[in-house]
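Contents: one structure, followed by commentary.
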Amino acid sequence: MKPVKPIYIGLPGIFYIMADNVFDAIVIGSGISGGWAAKELTQKGLKTIMLERGRNIEHIKGYVNATKAPWNFPHRGGRTQQMSKDYPVLGRDYFLNETNLDYWVDEKESPYVEVKRFDWFRGYHVGGRSLMWGRQSYRWSDIDFEANAKDGIAVDWPIRYKDIAPWYSYVERFAGISGNRDGLPQLPDGDFQPPMDMNCAEKFIAGNINAHYKGKRNMIIGRTANLTKALPGRSHCQYRNQCAMGCPFGAYFSTQSSTLPAAFATGNLTLRPYSIVTKILYDKDTKKATGVEVLDAQTNKTYEYYAKVIFLNASTLNSAWVLMNSATDVWPGGLGSSSGELGHNLMDHHYRVGAYGEVEGFDDKYYFGRRPNGVYVPRYRNLNGEKRDYIRGFGYQGLASREGWGHEIAEMNIGGMFKEALGEPGKWYFGMAAFGETLPNHNNKVTLDKDKKDKWGLPVLAIDAAIGDNEKKMRKDMGDDAVEMLRMAGIKSPGKFESDYSMGSAIHEMGTARMGRDPKTSVLNGWNQVWDAKNVFVTDGAAMASSACQNPSLTYMALTARAADYAVRELKKRNL
């Protein structure tokens, strides 16, 4: 065992001195699921070290741009040609801008190989993408957990809704999910804070849609991880819609605002940033993991940490990378590869298709603030006995708003009247985009490319994935149905939009280390344990056996809390 230097990591003003490198638990990654793992394990009494490959971002203090207005940025929050050159992947979407550029990974330091185009948007820092996520939080139902078995696709989930429902409630109450109880079988209700309100145009559109389709299609307010009622240490949402820059009010759920303070409060957590976990250490005699090897991202020195239980929460693709780089003397494909499924079955929600149009009749009305939420149309296809030429379905996310000061005024372009006109809100518009389910496919995979290295000399991932025929057929309905609903709802001349979609761009990566019932066809069992090393748990998106069409992060939280509870119980029984 290699000694380590005493290090500081913790809340401002609190120091933890590590006498050695032995802990009860190791958590790899500090994003949404890693934060939950740390909270649960420490609150249950386990001395835990959380290893994050990137820098530390402290709550409030680290959100350096959170209270800036557009005119406080050199380019009004936009992007420059140099930024586009330096961030060619991030530049494929609106995420590339100067308001939170340092939250995104340095693409030169951390490259990857695109066998097929894959838009991998990453954040390497404490909190991970919990600082930048879209916060839409939806339960899955048995319709989703049973789908693989009913359709004969991939492998059956080893759990059902009843197994995870209590954990959904547990994480919803702590995270603070606001939403309405809508009584929809395909979208189970949760333990919600009061819902945000639709604006007048959205109420008009939702009322028409809900009445016309008589419950077979519904438009509801989004269920979001933004507080509408304060929780201890966190304020309610201020309707600033600046979430992507970090929230100094703690109004949305993130590792920094929620799970990390709870973990630190126990006195059982050590947080070590700049710690790239290069492999999980495995003992082939006991068939258990003993710890991890860490490369210090600043010094390039190597350390080892040891623990009884390991939670791997590095995100879908990086968790696969760690497993594939571990125990290669036993399995050439890495720890968890005995089934032949490690790195395979990569999924993402396909989107960038929908409809928009002008809403008439509300020119004398406006709305309060900048609500960081929208409306949602839950899945309705292939649920009511109808048969399409594809399986599964999709949901829509959207909103209504008025044009701001930048709208064009063709008749005027200078003078006092022009300035006065810019002070008036423009037309009302409504738009919604679909998010469709992507089927698990063994051919959608990631592998280690040992010819290309990152800044630290480590092999990078090669990503080979694309949507299939089922998704392509679904996309026609995703666009056509949107136009149909908006036209029926009274939208003026609704137009369909569709742009090129490449996997990854929804930032809902799933699969690569799927759960299952059989070690011959899956990487993890029903408790998120690696079949090949029962004291290693994977509870991030890598664990997913299918993708449904709902945003997946709430499910990661619930799976993590459930697995941590099980791990501690098994530790007490000396089974781990």
**OP:** Specify the closest pair of heavy atoms between Ala563 and Thr539, including all atoms of both residues, with the distance to one decimal.
**Re:**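 Shortest heavy-atom contact: CB-CG2, 3.6 Å.
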Original post:
What is the minimum heavy-atom distance between Leu96 and Arg79, and which atoms define it?
Top reply: O-NE, 3.1 Å
Would you mind checking if [Y] and [X] are paired as a salt bridge, meaning a charged N to carboxylate O distance below 4.0 Å?
| X | Y | value |
| --- | --- | --- |
| Glu341 | Arg514 | yes |
| Glu386 | Lys216 | no |
| Asp389 | Lys473 | no |
| Asp144 | Arg392 | no |
| Arg122 | Glu107 | no |

Considering only distance and modelled atom types, tabulate donor-acceptor pairs under 3.5 Å from the side chains of residues 485-498, sequence neighbours left out.
{"residue": "Lys496", "atom": "NZ", "partner": "Asp480", "partner atom": "OD1", "Å": "3.3"}
{"residue": "Glu498", "atom": "OE2", "partner": "Arg475", "partner atom": "NE", "Å": "3.2"}

Quick one: list whatever passes side chain to side chain contact (heavy atoms under 4.5 Å, CB included) with [X], sequence neighbours left out.
| X | answer |
| --- | --- |
| Asp518 | Lys520, Thr521 |
| Ala564 | Glu40, Leu41, Phe311 |
| Asp477 | Arg381, Arg388, Tyr390, Phe394, Asp481 |
| Thr328 | none |

Original post:
Under the salt bridge (charged side-chain N to carboxylate O under 4.0 Å, His left out) test, which residues partner Asp142, sequence neighbours left out?
Top reply: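 Counting only residues at least two positions away or on another chain, Asp142 forms no salt bridge (charged side-chain N to carboxylate O under 4.0 Å, His left out).
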Subject >> Sub-4.5 Å side-chain heavy-atom contact between Tyr161 and Pro188 >> reply: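 Result yes, sub-4.5 Å side-chain heavy-atom pair found.
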Original post:
Residues two or more places apart in sequence or in another chain: which of them pass side-chain hydrogen bond (donor to acceptor under 3.5 Å, both in side chains) with Tyr556?
Top reply: none
Original post:
For Asp454, which residues count as a side-chain hydrogen bond (donor to acceptor under 3.5 Å, both in side chains) partner, sequence neighbours excluded?
Top reply: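 For Asp454 there are no side-chain hydrogen bond (donor to acceptor under 3.5 Å, both in side chains) partners, ignoring immediate neighbours.
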Original post:
Does anything in residues 451-484 pair up under ring-ring contact (aromatic ring centres under 6.0 Å, His included), and if so which pairs, sequence neighbours excluded?
Top reply: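 Every candidate ring-ring contact (aromatic ring centres under 6.0 Å, His included) pair involving residues 451-484 fails, so no pair, neighbours aside, qualifies.
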Original post:
Are Leu458 and Ile276 close enough, and set up right, to give a side chain to side chain contact (heavy atoms under 4.5 Å, CB included), and what steps lead you there?
Top reply: CA-CA 10 Å; Leu458 299 170; Ile276 303 172; 3.9 Å; yes
To the closest 0.5 Å, what do you measure between [atom1] ([X]) and [atom2] ([Y])?
| X | Y | atom1 | atom2 | answer |
| --- | --- | --- | --- | --- |
| Glu509 | Met347 | CD | CE | 11.5 Å |
| Asn148 | Ile153 | CG | CD1 | 7.0 Å |
| Thr555 | Arg562 | OG1 | CZ | 12.0 Å |

Using ring pair (Phe, Tyr, Trp, His ring centres under 6.0 Å) as the criterion, list what pairs up with [X], not counting sequence neighbours.
| X | value |
| --- | --- |
| Phe204 | Phe362 |
| Tyr138 | Tyr376 |
| Tyr351 | Phe435 |

Subject >> Working for ring-ring contact (aromatic ring centres under 6.0 Å, His included), residues Trp104 and Phe95 >> reply: CA-CA 9 Å; Trp104 300 100; Phe95 307 113; 5.5 Å; yes
Subject >> Criterion salt bridge (charged side-chain N to carboxylate O under 4.0 Å, His left out) against Asp191, the qualifying member of Arg223, Arg139, Arg181 >> reply: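 Among the candidates, only Arg139 passes.
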Original post:
Do the ring centers of Trp140 and Phe145 come within less than 6.0 Å of each other?
Top reply: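 Close enough - the centres of the two rings lie under 6.0 Å apart.
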**OP:** Could you walk me through whether Trp157 and Ser546 pass the side-chain hydrogen bond (donor to acceptor under 3.5 Å, both in side chains) test, one step at a time?
**Re:** CA-CA 8 Å; Trp157 276 88; Ser546 63; 2.8 Å; yes
